[in-house]
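These notes concern the structure reproduced below.
We use all heavy atoms of the structure for the numbers below, so side chains are in, but hydrogens, waters and symmetry mates are not. The model shown is predicted, which means the values in this text are computed figures rather than measured ones. Residue numbers begin at 1 in each chain, while the letters A, B, ... track the order of the sequences.
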4 protein chains.
Amino acid sequence: MGVYERQQKEKKILEAAIHLFSEKGFHATKVDEVAKKARISKGLVYFYYKSKEDLYMAITKKGVDELKEIFNKAFGKPKEKTGLEVMTDLAESYLSFARDKKVFHDAILHFLGLLDQYQVDKEKLNPLILNSQYFTKLVQSHHDLAKLGIKAISTGIKDGSIRPDLHAESTFYTLWSMMIGYCRISGSVSLEPGEIKINTESWKNGFIKLFFEILKGSSTPSVSQPVQGKLF
Amino acid sequence: MGVYERQQKEKKILEAAIHLFSEKGFHATKVDEVAKKARISKGLVYFYYKSKEDLYMAITKKGVDELKEIFNKAFGKPKEKTGLEVMTDLAESYLSFARDKKVFHDAILHFLGLLDQYQVDKEKLNPLILNSQYFTKLVQSHHDLAKLGIKAISTGIKDGSIRPDLHAESTFYTLWSMMIGYCRISGSVSLEPGEIKINTESWKNGFIKLFFEILKGSSTPSVSQPVQGKLF
Amino acid sequence: MGVYERQQKEKKILEAAIHLFSEKGFHATKVDEVAKKARISKGLVYFYYKSKEDLYMAITKKGVDELKEIFNKAFGKPKEKTGLEVMTDLAESYLSFARDKKVFHDAILHFLGLLDQYQVDKEKLNPLILNSQYFTKLVQSHHDLAKLGIKAISTGIKDGSIRPDLHAESTFYTLWSMMIGYCRISGSVSLEPGEIKINTESWKNGFIKLFFEILKGSSTPSVSQPVQGKLF
Amino acid sequence: MGVYERQQKEKKILEAAIHLFSEKGFHATKVDEVAKKARISKGLVYFYYKSKEDLYMAITKKGVDELKEIFNKAFGKPKEKTGLEVMTDLAESYLSFARDKKVFHDAILHFLGLLDQYQVDKEKLNPLILNSQYFTKLVQSHHDLAKLGIKAISTGIKDGSIRPDLHAESTFYTLWSMMIGYCRISGSVSLEPGEIKINTESWKNGFIKLFFEILKGSSTPSVSQPVQGKLF
DNA sequence: AATGAATGAGTCTTCATTCAT
DNA sequence: TATGAATGAAGACTCATTCAT
């Protein structure tokens with residue numbers, strides 16, 4: 001069996017797992033089901049992935065890779081876009097990704113939690129996770145991701161499309177935080193009873209406004225921001 | 001057995017569960033352990049709480065209630081503080097809460113996820129959660145929480161300590177998002193290799209700066225902001 | 001449930017396990033089967049015994065205890081028997097035990113193997129075995145056993161029924177070795193084709209003769225040894 | 001592929017298996033590992049050996065053959081040694097073999113157990129063992145072994161180096177029993193707490209003494225026995 | 001001859017939940 | 001109220017063996 005066929009099979013398993021994890025979550029999904037969905041035997045799943053956790057790490061890796069791909073695309077051809085435009089596309093892509101590929105986004109956040117725990121007390125981490133070949137790879141990939149975001153802001157600062165007084169790194173992480181938090185709670189905002197004057201739509205607008213004010217400054221809040229039109 | 005004794009016992013169970021969930025997480029904690037820690041029998045745990053999930057909902061409820069208490073305290077006596085000062089205290093309290101009472105914060109975020117799922121597809125929610133008496137109560141409590149935050153911003157807008165062009169509701173949710181995201185990823189930022197010029201400390205400063213710019217506007221970024229000194 | 005009932009249930013499980021291990025061996029016996037045979041659920045087996053290995057250690061413990069009991073009985077009332085007579089009964093009992101309670105005897109030999117391994121490389125021992133409460137207890141019990149055998153020989157030496165030039169300890173272990181080896185191969189001797197002039201019966205006699213020569217000396221090989229008549 | 005290459009491959013597999021079984025035991029060794037160690041594929045292992053059990057029987061056969069070889073060497077050139085000298089060498093070789101080639105010795109004892117079971121209830125024997133071509137061959141080889149031992153004693157009786165009143169067959173089996181038992185428990189004797197006055201060394205001496213008394217009689221226990229010096 | 005992907009029955013073990021007392 | 005013995009459905013993972021290539 002060639003390398004290609006093997007990769008195809010790996011992919012098949014991954015897709016089955018992604019589908020089921022999306023549907024029911026990691027815990028509720030049984031390896032048996034993944035095998036059935038991929039139309040192979042349970043044993044073969046374990047032939048390709050050392051454990052259920054390894055499989056999840058593989059999914060996480062795929063998630064980070066897809067996101068990296070998306071980020072790279074946002075940059076477009078060199079000099080084609082201003083840094084702010086790139087950031088706009090980045091934000092837009094990110095939120096679409098978080099919405100449409102929830103498993104991936106959740107997996108990435110879960111991975112960030114692992115990194116946290118890794119520093120606090122490595123011993124407490126599930127060894128099945130720690131031993132996953134994908135775990136190590138993820139550390140690098142996730143780093144690449146952050147670099148892309150930071151690069152976008154740096155570019156914007158240089159080309160004047162983003163406020164010059166910003167610190168690229170901390171700004172990126174702050175904006176990322178905003179988006180993560182937004183994804184986390186946007187779903188529940190629409191439940192707010194009438195008493196609170198907000199709905200998904202109005203919050204989205206408010207959120208976007210503040211998001212870009214951070215990049216451009218709030219000195220000209222009245223100026224129209226056409227570039228935002230692309231967002232969401 | 002009087003009402004008082006009953007409440008004491010409930011409290012004992014809750015405390016045991018909180019302690020264990022903090023230590024090992026929901027899944028890794030066995031009901032047996034909770035019972036043992038509370039020095040009662042497993043059966044009695046089920047007498048007071050319908051299921052492990054019910055117990056977790058009770059914890060979530062307690063978390064929301066504690067946070068509400070904290071928020072209320074931030075307001076202080078009427079007219080004592082400006083809206084901005086209240087928001088500052090609110091943010092500070094929130095981040096302390098998220099750090100020191102991680103179980104509660106996680107539980108609250110988990111609950112927001114449930115609310116989200118509730119709207120998407122009620123059927124998929126774990127019935128043990130849905131049937132918990134605490135679940136319904138939580139919907140209201142959580143709402144109270146949001147109202148307090150929004151009130152702080154409204155107050156600030158009225159008393160001039162916060163930018164007048166802000167929409168209180170969406171600003172509150174945006175700031176909340178920022179904090180949630182911050183809690184989520186601050187742990188992993190310190191792992192960034194040297195290439196990325198950031199560490200926990202420098203990001204915290206950058207984050208705070210942007211957080212308050214949102215409330216006050218960035219037109220005067222050079223002006224010192226003593227009120228921020230209290231934060232973190 | 002009283003202590004008595006609990007012990008009864010433990011006993012029931014143990015008996016079921018003993019029966020099945022005798023029939024099919026440790027590996028071939030499934031915990032499920034033990035449960036079924038004891039007419040309880042699989043879970044309850046694990047309630048009483050931490051693991052299959054723990055169960056096996058419990059059986060071993062029971063085996064050693066039964067053997068100790070048998071040994072104690074062989075001593076009879078003080079001054080009732082000579083040391084040689086005790087040894088005769090001891091040998092007889094031992095071989096009956098090894099034949100009739102093969103599981104126990106095998107378990108004991110297995111345990112001796114564990115002790116060996118324990119000294120060579122403790123780390124390689126199955127932790128399920130090492131953590132069994134019965135393992136520790138066994139070390140002591142097994143020691144008691146050896147002491148009884150040695151005591152019999154010492155007594156014989158003192159009362160003149162056993163050769164005075166023997167070293168009680170090494171003689172006991174040597175005789176024990178003989179019996180262990182005898183049990184191990186006696187089954188296969190009867191398979192020897194006609195060319196070899198031996199069968200189970202004739203070897204047994206030869207074995208007994210040599211066994212007692214060790215204790216009494218071979219200077220009087222022609223003297224009848226009435227005491228041996230009891231053996232087998 | 002020529003017969004030679006085939007045999008080489010078989011040998012390679014066997015060596016790999018012997019090494020792994022020594023290290024981890026039969027159960028803990030996976031066929032996969034054997035294949036990897038032999039640098040061939042798992043499938044090929046099954047081409048040469050019908051089953052894992054068949055492989056074990058092949059190892060057993062090799063063990064018996066090696067032991068036979070060793071026994072043959074002990075005889076030396078005709079008339080070169082007395083029967084007692086041969087027995088001494090035989091015993092020495094046997095114990096070295098049991099110590100240094102533990103897998104083989106264990107395999108042989110396991111085989112004797114199979115023979116035993118074979119007579120009791122053939123049906124209960126693992127068919128994979130029963131169908132092994134090596135099983136049948138073993139029955140004969142094992143028989144040859146016994147014959148060699150018996151021959152040594154007969155020779156000794158004839159040449160006067162061994163007591164004339166001994167029955168060669170049963171004496172051989174008795175001595176073999178002793179050695180088997182000795183191998184079995186010598187490892188655990190050193191664990192005996194101080195209360196029992198024995199250690200590995202002192203028992204070894206006691207054991208040797210009794211072993212040779214059986215062959216020579218105990219009438220002259222004080223006479224030095226230079227021939228024993230070679231033992232162990 | 002040789003490979004190694006594929007199978008799937010088999011196994012131990014866990015644990016939320018119940019219920020007789 | 002309170003206990004804790006009892007249940008049994010899961011579930012992750014293993015591995016000897018087969019077979020298409």
Side-chain angles (χ1 to χ4, degrees), chain A residues 1-2 5-6 9-10 27-36 38-55 128, chain B residues 1-2 5-6 9 26-36 38-55 128, chain C residues 1-2 5-6 9-10 27-36 38-55 128, chain D residues 1-2 5-6 9 26-36 38-55 128:
Chain A
M1 198 184 221
E5 280 90 346
R6 199 146 54 196
K9 200 135 278 187
E10 273 195 19
H27 271 104
T29 300
K30 314 307 160 194
V31 177
D32 249 345
E33 296 172 327
V34 174
K36 243 158 223 152
R39 297 171 172 282
I40 57 166
S41 70
K42 201 196 323 199
L44 202 55
V45 173
Y46 281 94
F47 181 79
Y48 285 102
Y49 298 96
K50 294 209 170 196
S51 67
K52 201 184 170 187
E53 276 74 14
D54 188 39
L55 183 51
L128 292 176
Chain B
M1 196 182 227
E5 282 90 347
R6 205 178 300 197
K9 204 140 274 189
F26 178 79
H27 271 105
T29 300
K30 316 302 162 198
V31 176
D32 225 0
E33 296 172 325
V34 174
K36 244 156 219 152
R39 296 171 174 284
I40 58 164
S41 71
K42 212 189 326 189
L44 205 52
V45 173
Y46 279 91
F47 180 79
Y48 286 103
Y49 299 95
K50 298 290 167 216
S51 68
K52 202 184 169 187
E53 275 74 13
D54 188 39
L55 183 52
L128 292 175
Chain C
M1 197 184 221
E5 281 91 346
R6 200 147 53 194
K9 199 135 281 189
E10 272 194 19
H27 271 105
T29 299
K30 314 306 161 195
V31 177
D32 248 345
E33 296 173 328
V34 175
K36 243 157 222 153
R39 295 171 174 281
I40 57 165
S41 69
K42 203 191 327 195
L44 202 55
V45 174
Y46 280 94
F47 183 78
Y48 285 103
Y49 299 96
K50 293 208 171 198
S51 67
K52 201 183 170 188
E53 275 74 14
D54 189 40
L55 184 52
L128 292 176
Chain D
M1 197 183 226
E5 282 90 347
R6 206 179 300 196
K9 203 141 273 187
F26 178 78
H27 271 104
T29 299
K30 316 303 163 199
V31 177
D32 224 1
E33 296 172 325
V34 175
K36 243 157 219 151
R39 296 172 174 281
I40 58 165
S41 72
K42 211 190 324 190
L44 205 52
V45 173
Y46 279 91
F47 180 79
Y48 286 102
Y49 299 95
K50 298 290 169 216
S51 69
K52 201 184 169 187
E53 275 75 13
D54 188 39
L55 183 53
L128 292 175

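When rounded to the nearest whole Å, the span between CG of B:Leu44 and P of F:dT1 equals 9 Å. Atoms CD (B:Glu33) and P (E:dC15) sit 8 Å apart, rounded to a whole Å. In this structure, A:Glu10 places its CD atom 15 Å from C1' of E:dA6, rounding to the nearest Å. Rounded to an integer number of Å, the gap from A:Asp32 CG to E:dG8 P is 12 Å.
The minimum heavy-atom distance linking A:Tyr49 with A:Glu10 is given by the pair OH-O, 3.3 Å. Heavy-atom minimum distance, A:Glu33 versus A:Ala28: OE1-O, 3.9 Å. Between D:Thr29 and D:Lys52, the shortest heavy-atom contact is O-NZ, 2.8 Å.
In this structure, C:Ser51 and D:Ser41 both approach DNA chain E, and ranking their closest nucleotides by distance from the 5' end singles out D:Ser41. Toward the 5′ end of DNA chain F lies the nearest nucleotide of B:Arg39, the other residue of the pair A:Ala28 and B:Arg39 mapping further downstream. Between A:His27 and D:Lys50, the residue anchored nearer the 5' end of DNA chain F, judged by the nucleotide with its closest heavy atom, is A:His27. Both D:Phe47 and B:Tyr46 lie close to DNA chain E; mapped to their nearest nucleotides by heavy-atom distance, the more 5′-ward contact belongs to D:Phe47.
Looking at the side chain of A:Leu128, the nearest of the listed nucleotides F:dC13, F:dA6, E:dT13 is F:dC13. Looking at the side chain of C:Tyr48, the nearest of the listed nucleotides E:dA5, F:dA2, F:dA6 is F:dA6. Taking only side-chain atoms of C:Lys52, from C-beta outward, the nucleotide of F:dA16, E:dT13, E:dT17 with the closest atom is E:dT13. Comparing E:dA5, E:dA16, F:dA16 against the side chain of B:Lys30 picks out E:dA16 as the nearest.
Residue B:Leu55 is out of contact with every strand shown, counting any heavy-atom pair closer than 4.0 Å. Heavy atoms of B:Tyr49 sit nowhere under 4.0 angstrom from any nucleic acid atom.
In the interface, the side chain of B:Lys42 is paired with the base of E:dT17 through a donor and an acceptor atom under 3.5 Å apart.
Between B:Lys36 and the phosphate of F:dG4, there is no side-chain N or O to OP1/OP2 separation shorter than 4.0 Å.
With rounding to the nearest 0.5 angstrom, the CG atom of C:Asp54 is 10.5 Å from the OH atom of C:Tyr46.
Within the 4.5 Å cutoff, the side chain of D:Lys50 has no heavy atoms near those of the D:Leu128 side chain.
Nucleotide E:dT21: paired with F:dA2 (Watson-Crick or G-U wobble, both distances less than 3.5 Å).
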